[in-house]
Protein chains: 2
Amino acid sequence: MADVAAYAGVGMITVSRVLREPHRVSETLRRIVNDAIRELNYVPNLSARALASTRSGVIGALVPSLTQVVFADVLRGIYDGVDGTELQIQVGNTRYDPLEEERLVGLFLRQKPSAMIVSGINQTAQARRMLEQAGCPVVQIMDLSPDPIDRIIGFSHEDAGRRMTEHLIDQGYTRIAFLSGWMNSRSAGRRGGYQKALEAAGLDRPGLIHSISESSLRHLLDKVNPATGRPMLEFATPALGRELFRRALAADPALDAVFCNNDILALGVLFECLQRGIRVPEDMGIAGFNDLDFMEAAEPSLSSVRTHRYRVGHSAVAAIREQLAGRSPGPRILDVGTEVMTRRSTARATRRT
Amino acid sequence: MADVAAYAGVGMITVSRVLREPHRVSETLRRIVNDAIRELNYVPNLSARALASTRSGVIGALVPSLTQVVFADVLRGIYDGVDGTELQIQVGNTRYDPLEEERLVGLFLRQKPSAMIVSGINQTAQARRMLEQAGCPVVQIMDLSPDPIDRIIGFSHEDAGRRMTEHLIDQGYTRIAFLSGWMNSRSAGRRGGYQKALEAAGLDRPGLIHSISESSLRHLLDKVNPATGRPMLEFATPALGRELFRRALAADPALDAVFCNNDILALGVLFECLQRGIRVPEDMGIAGFNDLDFMEAAEPSLSSVRTHRYRVGHSAVAAIREQLAGRSPGPRILDVGTEVMTRRSTARATRRT
DNA sequence: CTGTTAGCGCCTTCAT
DNA sequence: ATGAAGGCGCTAACAG
């Protein structure tokens, strides 16, 4: 940078300003400096900038999984949100482990991030404290809470679960199972909504909920990271959906619908029905959650709850950018909502949708 | 850090050493310093470290997509690879655009990364030059090349495409279509293998290849990033698979098998067959590529080519770590191979697999 | 094995 | 609107 300044015949600070706040430098000098930069092929050193300014320009984003489509979509929204900005994204994979999340929060905070994005509302007390004192914008995503750390963008899983269940009840299904892989707090929210809807309709009964314990899940898919020895949990395969469905059917042969905690499980249920000759939606209603691409294209098309993952990620970054720019970042609690997509797989009542 | 040094009654450098190369500090001092660190709640400043050492500890990873399962798996392997290390991952999304990749290469290199991981072998000349002069390990992934920038880990798409096609031919299919979304160089490799196999068997004929132009793809899914105005290309939905299959069938009603460039398309083809009452595998063989979870669980189970995405990401980081540690990082060209998974969807010959 | 002396490259404060 | 010092927190050399 000193070279550029010398070459352009100005002070270093002017070069610095041209780079960061061009509008504060006179038109002429700006051009001269820019030419010098190009001529000398100068590239600024981000570490030095971060050190001197004590702002790294990094947004830390902690997600529970990199592979689940849901969070891949969120990440895409986040990356698109910083597109064309100086901001960088630093992703951390918590693997659905609050302690790992806590560790990563600490790790990320060392870098004096410009902002933090964390998934859900189940941070450890320690993690929450660190985030509260981080002195940077913090956005929780993919859930709602009346008491966010700083700011939260997501939707109500309980509400979504309730509405989909009401749709199933509305279609005349009466013995509706709930299928899920390993439960996290968001899955539990969905299940809670399901239960409330059943209770309200007087349709709740024992033995309808089928999920899988962490231990048996590991057994089912015991891949282990060779480096760390940690399990690489892969929830929600179609094979697991088939398995859970078989179990649910064994527990209640009169079952007439399943609400799956996610679409992948629902796809497995569909395949199991195909193999057994169970007619969908006549003999069995199938509903999923998230509304991935294949739900609409399936045969029969599968009902699901559409969630706005991309938008959540994108909005989180948008709010952060506003806040960083000193503008109003919008409400502390932002509900992006969900939509029940009713399709053939639950169209038992004559009115097909 | 000065505080810690004072508190412990040692020089700053000793604190620094305790943090980075503990084995070079005497047992006693190490304990004293560690206690001081804990007492004072000291956290090192990564920017300062990066500036002073001119090594950032960041591995830049450029992938064409964050949402495609293939690259999500690769990323998971990469993240798992640095687990428990001081290394950090910085991901860039090139969106299958070589120019964007070039831009990101330049951007990332400014940060003096400890290593770079880039996808495929189609870097622009400029990007390639920058990477060659980066002075850090560079690993290309997910393809093979006799002339890697530095080091390459992947598999032969052409070979994989050829072997799957040979399997189809072996099962007695004679009019085999190739379906793909937007083509990239790896898709093209698969298609090349497919064509060679067909030619070798004298089964090639015009009108068997159905892919989709970028323009019509955009038209099909014209979501645009509101921030940048760039299209958010989502290749390979099941709906696209159904569409391409219909087109292929219209072009050749006697079609008896399809080799899909990826599993998602294959899933769409299966659903289209279900709807039309086309029997699989008797009337129509279906094969995909990547062997995602649902292929095995589908009804009928779907044949595919298993690729080792996670291992590719993990091996890339492993090689980088070896190289950074000054040890032998293994061969410059590492072929992790592929496996043709033959399942019911292509089991036309009596021998079911 | 430990400490001292100099920066790493940039941004801040204060002048002008 | 521009410039001159000083320091951000740490590590590289070298010295002891």
Side-chain angles (χ1 to χ4, degrees), chain A residues 1-37 40-58 86 88 107-114 135-136 324, chain B residues 1-37 40-58 86-88 107-114 135-136 324 326:
Chain A
M1 181 150 138
D3 294 351
V4 175
Y7 188 94
V10 300
M12 276 175 57
I13 187 60
T14 305
V15 179
S16 175
R17 284 199 183 107
V18 168
L19 256 24
R20 292 174 304 123
E21 11 189 54
H23 54 279
R24 299 176 85 92
V25 177
S26 72
E27 177 72 38
T28 22
L29 270 190
R30 201 188 317 162
R31 279 207 33 254
I32 295 176
V33 170
N34 272 132
D35 286 348
I37 287 174
L40 269 46
N41 224 300
Y42 163 74
V43 288
N45 178 320
L46 284 295
S47 311
R49 174 179 297 179
L51 176 58
S53 66
T54 62
R55 282 181 289 106
S56 62
V58 168
E86 289 287 83
Q88 313 254 325
L107 196 65
F108 277 41
L109 254 27
R110 289 187 190 16
Q111 311 187 52
K112 303 261 189 290
S114 292
C136 69
L324 254 27
Chain B
M1 181 150 138
D3 295 349
V4 175
Y7 188 94
V10 299
M12 276 175 58
I13 189 64
T14 304
V15 179
S16 176
R17 284 198 183 107
V18 168
L19 255 25
R20 293 173 303 122
E21 12 189 51
H23 54 279
R24 296 177 86 91
V25 177
S26 70
E27 177 71 37
T28 23
L29 269 190
R30 199 188 319 162
R31 279 207 35 255
I32 296 176
V33 171
N34 273 131
D35 286 348
I37 287 174
L40 268 46
N41 224 302
Y42 162 75
V43 287
N45 179 320
L46 285 282
S47 311
R49 175 179 296 179
L51 177 58
S53 66
T54 64
R55 281 180 290 105
S56 62
V58 168
E86 289 288 83
L87 261 12
Q88 314 253 325
L107 197 65
F108 277 41
L109 254 26
R110 289 190 192 11
Q111 311 188 49
K112 304 260 189 290
S114 292
C136 70
L324 254 29

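To find a chain, count down the sequence lines: A is the first, B the second, and so on, and within it residues start at 1. Computation of the quantities below employed the complete heavy-atom set of this structure, encompassing side-chain atoms and omitting hydrogens, waters and symmetry-equivalent molecules.
Note that the CD atom of E86(A) and the CG atom of L107(B) stand 7.5 Å from one another [nearest 0.5 Å]. Here the straight-line distance linking atom CZ of R30(A) with atom NE2 of H23(A) works out to 9.5 Å at 0.5 Å rounding. In this structure, CE on M1(B) lies 6.0 Å from CD1 on I13(B), to the nearest 0.5 angstrom. Interatomic distance, L87(B) CG to L324(B) CG, rounded to the nearest 0.5 Å: 6.0 Å. Atom CG in L51(B) sits 10.5 Å away from atom NZ in K112(B) (nearest 0.5 Å).
For the pair I32(B) CD1 and dG3(C) P, the interatomic distance rounds to 10 Å; values are reported in whole Å. For R30(B) and dC1(C), the CZ to P distance is 10 Å, given to the nearest whole Å. Atom-to-atom, CG of L51(A) to C1' of dC8(C) comes out at 9 Å; the value is rounded to the nearest Å. Rounded to whole Å, atom P of dC11(C) lies 18 Å from atom NZ of K112(A). For the pair I37(B) CD1 and dG9(D) P, the computed distance is 16 Å after rounding to whole Å.
For the pair T14(A) and dA1(D), the criterion of a side-chain N or O lying under 4.0 Å from OP1 or OP2 is not met. Distances shorter than 4.0 Å separate none of the side-chain N or O atoms of S47(A) from OP1 or OP2 on dC8(C).
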Per-nucleotide protein contact along nucleotides 10-16 of chain D, 5' to 3', at a 4.0 Å heavy-atom cut-off (B base, S sugar-phosphate only, - neither), is BBB----
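Around the CZ atom of R110(A), the shell of radius 6.0 Å holds more than 12 heavy atoms that belong to other residues, nucleotides or ligands. At most 12 non-hydrogen atoms from other residues, nucleotides or ligands lie less than 6.0 angstrom from CZ of R31(A).
The heavy-atom pair separating S56(B) from S114(B) by the smallest distance is OG-N, 3.9 Å.
In DNA chain D, consecutive stretches of 3 or more Watson-Crick or G-U wobble pairs with both distances under 3.5 Å are given as paired ranges: C:1-4 with D:13-16, C:6-16 with D:1-11.
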